[in-house]
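In what follows, a structure is listed as structure tokens, so that the remarks can point back to it.
Reckoned from all heavy atoms, side chains included, excluding hydrogens, waters and symmetry mates.
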Amino acid sequence: MNKTHTPESHDSLYLAYGQQVKTLLEMSSPAEMAENLWEIYSGFVNSEKVNGYNPRQADLFLTFRELMLFCQRIQAMK
């Protein structure tokens, strides 16, 4: 069996993820990101009044929730 992912490639991927998170956190604090996420999600919910029901609403909420939890975990690490 030929494995395409070695432990080194996982480490490289995780380091790349970490760099992306670092870049994101340099733009604003986790608390500011959470506040912005609330504004974005609130705007989405309000737009449904005009645009009608979005069948992806549950999926979008779950993504929003995961991003909020991510911000909370990062804030707790500081």
Side-chain angles (χ1 to χ4, degrees):
M1 179 181 221
N2 188 1
K3 292 186 177 185
T4 58
H5 296 288
T6 64
E8 294 82 23
S9 68
H10 284 292
D11 290 344
S12 297
L13 181 61
Y14 297 146
L15 287 171
Y17 286 160
Q19 184 59 46
Q20 291 299 311
V21 170
K22 179 180 181 262
T23 300
L24 185 63
L25 292 173
E26 289 171 349
M27 295 169 54
S28 62
S29 71
E32 291 170 323
M33 281 188 238
E35 186 175 319
N36 291 341
L37 285 169
W38 272 116
E39 286 185 42
I40 292 166
Y41 187 73
S42 297
F44 163 73
V45 170
N46 285 329
S47 74
E48 286 194 323
K49 294 175 187 174
V50 174
N51 299 325
Y53 173 75
N54 184 336
R56 294 187 55 233
Q57 182 180 19
D59 293 333
L60 294 170
F61 173 76
L62 292 175
T63 299
F64 164 75
R65 188 189 88 187
E66 290 303 315
L67 287 169
M68 290 296 295
L69 291 172
F70 173 79
C71 289
Q72 291 171 351
R73 287 190 302 267
I74 295 296
Q75 184 68 33
M77 292 171 74
K78 289 189 167 201

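Residue L24 shares its hydrophobic cluster (ILVMFWY side chains chained together at separations under 4.5 Å) with V21, L25, M27, M33, F70, I74, M77. Connectivity analysis of hydrophobic side chains (ILVMFWY, heavy atoms under 4.5 Å, direct or indirect) links Y17 to L13, Y14.
A continuous path of hydrophobic side-chain contacts links L60 to L67 [ILVMFWY only; heavy atoms under 4.5 Å]. L62 and L37 fall within the same hydrophobic cluster, defined by Ile, Leu, Val, Met, Phe, Trp and Tyr side-chain heavy atoms under 4.5 Å apart, directly or through other members.
Atom CE in M68 sits 9.5 Å away from atom CD in E35 (nearest 0.5 Å).
For the pair D59/T63, no side-chain contact is recorded, criterion being any heavy-atom separation below 4.5 Å from C-beta on.
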Please report, to 0.1 Å, the donor-acceptor pairs under 3.5 Å made by any side chain of residues 43-50, with sequence neighbours excluded.
from: N46; atom 1: ND2; to: S42; atom 2: O; distance (Å): 3.3
from: S47; atom 1: OG; to: F44; atom 2: O; distance (Å): 2.7
from: E48; atom 1: OE1; to: Q57; atom 2: NE2; distance (Å): 3.1
from: E48; atom 1: OE2; to: N54; atom 2: N; distance (Å): 3.3

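Below 30°, between 30° and 60°, or above 60°: for W38 and F64 the angle between ring planes is above 60°, a perpendicular geometry.
Residues C71 and A34 share a closest heavy-atom pair of SG-N, 4.1 Å. Across all non-hydrogen atoms, the minimal contact from Q75 to A31 is OE1-N, 3.6 Å.
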